[in-house]
Structures are given as structure tokens and as C-alpha cells.
Participant: 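Before I ask anything, here is the structure I am working with.
We count residues from 1, following the sequence as given. All values below were derived from every heavy atom in this structure, side-chain atoms included, with hydrogens, water molecules and symmetry-related copies excluded.
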Amino acid sequence: MRVFVTGATGFIGSAIVQELIDAGHQVVGLARSDAAAKSLADAGAQVHRGDLEDLDSLRSGTAASDGVIHTGFIQDFSKFKEVCETDRHAIEALGAALAGSDRPLIVTSGTALISPGHVATEEHVPASDSTAFPRIASEEAAASVAAQGVRVSVVRLSPSVHGDCDHGFVPTLVGIAREKGVSAYVGDGLNRWTAVHRLDAAHLFRLALDRATAGARFHGVAEEGIAFRDIAEVIGRRLNVPVVAKSADEATNHFGWFAHFAAIDCPASSQRTRELLGWQPKQPGLILDLDRSARYFET
């Protein structure tokens, strides 16, 4: 297949590009800069210039493809609602270019806000809507294009997608612990996160592209519920700083914008995903990755 990938030079997207190429697919990656274009070319992919706000570039890249994997997302938490709406418009543009065909579209979402406090399964729909949690806009957009007959599937990723070059939530926690001189958790620290290695996630996206049916939802979850306190403890040990509990009120001051994510309890299952796709994560788990890898703690 000729696969159009957005976010193709990102932490997860770059692993997907390599996974697809290794499986014999031809990859066309969206690139908004010369540096991104060079990175794609060096990886063996073709380059399609544009960005997530250039809807014409998204439509033209999609029109020339046999399928689309959408992992691009503007990482700007200072205007989170706006970038989530940008993602909605991007998905709608991708879907419009696929309408009337059987070409697949894989959209990226997350497990964290699906069913907080309960084990989220692939059958669950988000507990709220994008007015309460802006990130849900992506799943709303997927449902909208599905209603137009597009063969769209959703891959929901864990809060922690870890591995080489990780610049997501766990490095944020490491940075906060280094700055504050303590590694903290909220309350008793038993709230649960899910995790998946980026290479296992990339393999899941390829399987979803090859085998997905319209309306399918898949969970990129290798570990279904890691106590947040366990993450804080390994960070404290590696940084040689105390591990401390924070109350809900103290958490806002300690974690800043990250306080909500530090406190959320979001276990999730991937049993259905494994059954449908034959997906079996093989890479190290999050705690082992943190405990063995110096890269998370290099300054």
C-alpha cells in the first residue's frame, strides 16, 4: 500500500514509518519543514509538504494514497482546546478525501479520558464530550467521517508511550522531580496509568491499517494499570531525590498544568485488540525501561 502518514517524524510516527517500510509498504510522510523532509527522506519515505492546518495539503496527500495513518498533533498545551479543534478539522479533511472509497483511515486518540476510575475497554465510548475534555474532539471527528461511509478506525494510546526519544509525560515527570527536588505522587499514589512501548505501538498501527474494519477501536495498552506511585518511586531512585505524597491541593502547585494527569486513574484493557489483531507487545515495560535507561535522566 501507499500510506500517507501525518506526524511522520514524531516520536510515534517515525516508528510507524519504519514499521510500514519494513513490512513492504510505500510511505509518504507529511513534512512542514526542511528538517522534517530530510528526516523522512533519510528513513526511505517520500515527502509531502504541508502541515495540520493546511487542509488542502492533507486532502491532496490523502487523495494520492491507499490509506492514511493520522498521528500528527500540535503539542501546545497553552492553547489545548484550539489544537484539539485543529485535529478535528484535520480528521474531517482526511475523511472527506476518502469518502466513497474503501481506503482505511486510522485516527489516534487516548485511553486516559475514556472511562476514568474504571477499566476502559475498546467498546467504551468517551464518558464526556469535547466541551468537557477537548481531546475527545478526535473521536468525535472519527465518528463524523464514519457517518459519511469512511472506513475509519481509532487507535487509543496509553498516557505513557515510552522508549528511545520519549519526550512525553514521563520525561515531564522527571523534569518536575529534578526541578522540585522531590518525586511526587498524589494522595496514596494508587491511581493507575497504562503504558506501551513506541515500537509495540507502531506495530499496532500497522496491524490496524492492514486488518481493521470500519468503526473499530483498538487500545495501545501493553500494561493495563501501573500505580502512579511506582513510577514516582523509580524516578526518585534514579534521581536520588525523596519520594513524597502530595494532597490534591498541593498537587496543583507542585505539578502545575500536569496535576490532572498525575492524579487521573485510567486503567484500560487491550484484550479485544489482541484478540482481533493478534497484537502481542514484546518490548520492555515502563518501569523496567525507566530503571534500565539512562536517557530519561540525562541532563
Participant: Salt-bridge test for R295 and E298: reply yes if a basic N is under 4.0 Å from a carboxylate O, no otherwise.
Facilitator: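 Here R295 does not pair with E298 in a salt bridge, since their nearest N and O are not under 4.0 Å apart.
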Participant: How far apart are the closest heavy atoms of A120 and S115, and which atoms are they?
Facilitator: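 For A120 and S115, the tightest heavy-atom pair comes out as CB-CB, 4.1 Å.
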Participant: Are the side chain of H219 and the backbone of S269 linked by a donor-acceptor contact shorter than 3.5 Å?
Facilitator: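 A pair under 3.5 Å: yes.
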Participant: Find the distance between OG (S183) and CG (L173) and round it off to the nearest 0.5 Å.
Facilitator: 7.5 Å
Participant: How would you list all residue pairs meeting ring pair (Phe, Tyr, Trp, His ring centres under 6.0 Å) that involve residues 222-257, not counting sequence neighbours?
Facilitator: F77-W257, W193-F228
Participant: Verify, without hydrogens or angle tests, whether E140 (side chain) and S130 (backbone) share a donor-acceptor contact under 3.5 angstrom.
Facilitator: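 Yes; judged by distance alone, with no hydrogens or angles, the pair exists.
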Participant: Judged by modelled atom types alone, do E122 and T273 share a side-chain donor-acceptor pair under 3.5 Å?
Facilitator: yes
Participant: Would you indicate whether the side-chain heavy atoms of L52 and R32 approach each other to under 4.5 Å?
Facilitator: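 Not touching, per the 4.5 Å side-chain cut-off.
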Participant: With rounding to the nearest 0.5 Å, note down the distance linking NE2 in H162 to CD1 in I287.
Facilitator: 9.0 Å
Participant: Between L286 and A195, what is the shortest heavy-atom contact and its length?
Facilitator: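 In this case the closest contact between L286 and A195 is CB-CB, 3.9 Å.
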Participant: Within a 6.0 Å radius of atom NZ on K79, are there more than 12 heavy atoms belonging to other residues, nucleotides or ligands?
Facilitator: no
Participant: Would you confirm whether R2, through its side chain, and V28, through its main-chain N or O, come within 3.5 Å as a donor-acceptor pair?
Facilitator: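 Checking the backbone N and O of V28 against the side chain of R2, no donor-acceptor pair under 3.5 Å is found.
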Participant: With L58, which of T6, I91, V68, D51 fulfils side chain to side chain contact (heavy atoms under 4.5 Å, CB included)?
Facilitator: T6
Participant: Tell me, which pairs form a ring pair (Phe, Tyr, Trp, His ring centres under 6.0 Å) where one or both residues lie in residues 36-65, sequence neighbours left out?
Facilitator: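 Every ring pair (Phe, Tyr, Trp, His ring centres under 6.0 Å) pair that includes a residue of residues 36-65, provided the two are not neighbours, is F4-H48.
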Participant: Return yes if some donor-acceptor pair links the side-chain N/O of Y185 with the main-chain N/O of A263 below 3.5 Å, else return no.
Facilitator: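 A pair under 3.5 Å: no.
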Participant: May I ask you to say whether D34 pairs ionically with R49, meaning some side-chain N is under 4.0 Å from a carboxylate O?
Facilitator: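 A salt bridge links D34 with R49.
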Participant: Measuring only between side-chain heavy atoms, which start at C-beta, is L113 closer than 4.5 Å to I264?
Facilitator: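 Counting from C-beta outward, L113 and I264 do come under 4.5 Å.
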Participant: Does the side chain of D66 come under 3.5 Å of the side chain of H25 through a donor N or O and an acceptor N or O?
Facilitator: no
Participant: Above 12 or not: heavy atoms from other molecules or residues under 6.0 Å from CZ of R272?
Facilitator: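 No, the 6.0 Å shell around CZ holds no more than 12 heavy atoms from other groups.
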Participant: Which Ile, Leu, Val, Met, Phe, Trp or Tyr residues join V182 in one cluster when any pair of side-chain heavy atoms under 4.5 Å counts as a link?
Facilitator: V244
Participant: Any donor and acceptor pair, going by atom type alone, linking the side chain of R217 with main-chain N or O of R156 inside 3.5 Å?
Facilitator: no
Participant: Are more than 12 heavy atoms, taken from residues, nucleotides or ligands other than R238, located less than 6.0 Å from that residue's CZ atom?
Facilitator: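 More than 12 heavy atoms, drawn from other residues, nucleotides or ligands, come within 6.0 Å of this atom.
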Participant: Looking only at atom types and distance, does a side-chain atom of H167 sit under 3.5 Å from a main-chain N or O of C165, one as donor and one as acceptor?
Facilitator: yes
Participant: Heavy-atom distance under 4.5 Å between the side chains of S14 and S39, does that happen here?
Facilitator: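 No, their side chains stay 4.5 Å or more apart.
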Participant: Between H124 and T121, does any side-chain donor sit less than 3.5 Å from a side-chain acceptor?
Facilitator: yes
Participant: Find the distance between CZ (F218) and OG (S270) and round it off to the nearest 0.5 Å.
Facilitator: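 F218 CZ to S270 OG: 12.0 Å, rounded to 0.5 Å.
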Participant: State, to 0.1 Å, how close V150 and G95 come at their nearest heavy-atom pair, and which atoms those are.
Facilitator: CG2-O, 3.3 Å
Participant: Between the side chain of R178 and the main-chain N/O of F297, is any donor-acceptor distance below 3.5 Å?
Facilitator: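 Flag set: sc R178 to bb F297 pair under 3.5 Å.
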Participant: Are there more than 12 heavy atoms of other residues, nucleotides or ligands under 6.0 Å from atom CD of E250?
Facilitator: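 Counting other residues, nucleotides and ligands, CD of E250 exceeds 12 neighbours.
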Participant: I'd like to know if D166 and R198 make a salt bridge, using a cut-off of under 4.0 Å between side-chain N and carboxylate O.
Facilitator: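 Salt bridge between D166 and R198, a charged N being under 4.0 Å from a carboxylate O: no.
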Participant: Looking at K180, I'd like to know if its NZ atom is crowded, meaning that more than 12 non-hydrogen atoms belonging to other residues, nucleotides or ligands lie closer than 6.0 Å.
Facilitator: yes
